[in-house]
Amino acid sequence: MADTVHTPRVFSGIKPSGGLTLGNYLGAIKKFVATQGSMETIYCVVDLHAITVWQDPDDLRNATREVAAGYLASGLDPSQSILFNQSQVSAHAELGWIFNCVARVGWMNRMTQFKEKAGKNAEKQSLGLYAYPSLMAADILLYHATQVPVGEDQKQHVELTRDIAAKFNHDYKVDFFPQPDPVIDGPATRVMNLRDGTKKMSKSGQSDMERINMTDDADTIAKKFKKARTDPEPLPETYDGLAERPEARNLVDIYAALSDVTPAEVVTEYAGAGWGQFKPALADLAVSKLAPISEEMARMMDDPAEIDRVLAEGADRARAIADPILAKTYEIVGMVGR
Ligand code: ATP
Ligand code: MG
């Protein structure tokens, strides 16, 4: 069978499982905004994923609006991109179920995110947390998306999405779902925890000191970078000199991503500088980039009805693409009535 050529289309999402971090901004949102305009772009607040771990309902509502405000305040334009929250488009959950029946238990057992999030308590986790990757595959494939901009931590899930698409196409002898590519580039594909350079920065991490929140004020940002774990050495002459210094490299990578230069250029500029010089410069840079965004987010959060209106309008446009693809999927699978 000839391979269908799929129109380039971008899909990605962020969970409202807490407030946005600098990792979400540099690893995801900044890239979402940069892609906008060059092709069709669909961005989601994935609330169904958030409840794979307990969320207080009021906090979830607030976080959903805050993630949407974060997208918009960072430059996402709802006239150029589709922006909506996942639960308003029921086809996500429906295709997610079909993919639960395509994906194999052995595939899920290899997912490192589940192992990291479950820790020693796998038996006590929700079934949803375990099945999460097949819902994520549905999010992407429901739009026949071909590109998925994500941080490094989501690479394995996008690869699983490709496996699910291939198995569906093979089992039903169709060429229906595309093979989406993860898009993971730039210096900040894995922003690390400020207190432990072996762990990534996460919005659901234990301590507030380990992450920069998009809504942190200037003093808090300066304090967090000041207390960020480093080593006693000054910055090296070349970027290679950071190979065995994960915490130091993380701060250089953050600086590079925020200022849109390469990490090598940052090292050249600050060669030989101590942390007493570099950390305040990094804090000033972060404040100059984040303050306009957090101010706009605060302004938008004063008018939640307007955020809800944008999300509802985006959901209408998302449904217009998703519903025919779901209907065709049901037909392929052999469901009567569509
Ligand atoms: P949680 O702790 O609840 O999993 P999270 O901070 O990991 O939250 P997600 O909603 O899981 O955020 O991920 C949203 C997007 O942000 C994904 O594309 C993910 O790869 C990216 N991302 C998350 N953390 C980082 C990070 N530290 N560096 C770069 N990208 C990141
Ligand atoms: Mg995550």
Side-chain angles (χ1 to χ4, degrees), residues 10-35 41-56 59-60 63-64 66-68 70-71 74 76 83 85-86 111-119 125-126 128-129 132-133 135-136 139-140 145 147-161 180-208 210-215 224 228 246-247 249-251 253-258 286:
V10 176
F11 178 93
S12 200
I14 297 181
K15 269 183 298 180
S17 46
L20 291 168
T21 71
L22 185 62
N24 301 136
Y25 176 66
L26 295 176
I29 297 180
K30 197 165 182 262
K31 291 176 192 168
F32 300 172
V33 173
T35 316
T41 41
I42 306 172
Y43 297 121
C44 194
V45 185
V46 285
D47 46 10
L48 296 174
H49 284 284
I51 61 164
T52 54
V53 299
W54 169 252
Q55 304 293 334
D56 171 84
D59 292 347
L60 178 62
T64 299
E66 195 181 288
V67 171
Y71 277 118
S74 303
L76 194 135
L83 174 63
N85 58 312
Q86 187 187 23
M111 295 297 111
T112 55
Q113 177 174 285
F114 179 78
K115 289 180 198 162
E116 276 160 23
K117 286 192 184 279
Q125 301 304 321
S126 73
L129 187 66
Y132 178 125
L135 179 60
M136 178 164 157
D139 300 336
I140 297 164
Q147 291 176 44
V148 189
V150 281
E152 175 68 35
D153 60 300
Q154 292 300 324
K155 184 167 184 239
Q156 194 183 33
H157 291 163
V158 182
E159 283 164 358
L160 184 92
T161 300
D181 289 310
V183 182
I184 303 170
D185 51 21
T189 56
R190 190 174 179 84
V191 176
M192 305 311 278
N193 177 320
L194 297 180
R195 306 314 293 272
D196 178 350
T198 66
K199 292 196 186 128
K200 85 167 188 77
M201 185 182 287
S202 289
K203 59 178 122 63
S204 63
Q206 292 287 312
S207 150
D208 198 56
E210 67 186 45
R211 61 180 169 264
I212 303 288
N213 301 304
M214 295 290 286
T215 51
K224 287 179 176 177
E247 288 91 3
R249 192 176 64 224
N250 186 41
L251 297 187
D253 288 347
I254 292 173
Y255 192 106
L258 281 170

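Both ligands and their constituent atoms are indexed starting at 1 by order of listing.
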How far is [atom] from its nearest protein heavy atom, and which residue and atom name does that atom have?
atom	result
atom 17 (C) of ligand 1	Gln154 CG, 4.0 Å
atom 28 (N) of ligand 1	Val191 N, 2.9 Å
atom 11 (O) of ligand 1	Lys15 CE, 3.3 Å
atom 31 (C) of ligand 1	Gly23 O, 3.5 Å

Backbone, side chain, both or neither: what part of [X] comes under 4.0 angstrom of ligand 1, heavy atoms only?
X	value
Ala188	backbone
Thr21	neither
Arg190	backbone
Ala28	side chain

Report yes if [X] has an N/O atom closer than 3.5 Å to an N/O atom of ligand 1; otherwise report no.
X	result
Asn24	yes
Pro149	no
Gly151	yes

To the nearest 0.5 angstrom, please state how far the [atom1] atom of [X] sits from the [atom2] atom of [Y].
X	Y	atom1	atom2	result
Thr21	Lys200	OG1	NZ	6.5 Å
Glu66	Thr215	CD	OG1	5.5 Å
Leu135	Thr52	CG	OG1	9.0 Å
Tyr132	Lys117	OH	NZ	6.5 Å
Leu26	Asp253	CG	CG	10.0 Å
Asp139	Phe11	CG	CZ	4.5 Å

Atom indices of ligand 1 within 4.0 angstrom of [X] heavy atoms, with elements:
X	result
Gly27	29 (C), 30 (N)
Asp153	19 (C), 20 (O), 22 (N), 31 (C)
Lys117	1 (P), 2 (O), 3 (O), 4 (O)
Ser17	1 (P), 3 (O), 8 (O)

**Q.** Test item: Gln55 side-chain N/O and Ala50 main-chain N/O as donor-acceptor pair under 3.5 Å
**A.**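 Yes.
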Q.
Measuring from atom 1 (P) of ligand 1, which candidate in Ser204, Gly18, Pro16 has the nearest non-hydrogen atom?
A. Ser204
Q) Looking only at non-hydrogen atoms, which of Lys200, Lys203, Met136 approaches atom 23 (C) of ligand 1 most closely? A) Lys200
Q.
side-chain contact (heavy atoms from CB on, under 4.5 Å) for Leu22 and Met201? Distances and angles first, verdict last.
A. CA-CA 8 Å; Leu22 185 62; Met201 185 182 287; 4.1 Å; yes
Q: Would you sort out whether Val45 and Tyr71 count as a side-chain contact (heavy atoms from CB on, under 4.5 Å), showing the intermediate values?
A: CA-CA 9 Å; Val45 185; Tyr71 277 118; 3.9 Å; yes
Q) With respect to Pro149, which candidate in Ile29, Val158, Val10 satisfies the side chain to side chain contact (heavy atoms under 4.5 Å, CB included) definition? A) Val10
Q. Does Gln113 come within less than 4.0 angstrom of ligand 1, counting non-hydrogen atoms of the residue?
A.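 Outside the 4.0 Å threshold, so no.
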Q) Can you list every pair that meets salt bridge (Lys or Arg N to Asp or Glu O under 4.0 Å) and has a residue in residues 21-30, with sequence neighbours left out? A)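 Passing the test, one end in residues 21-30: Lys30-Asp260.
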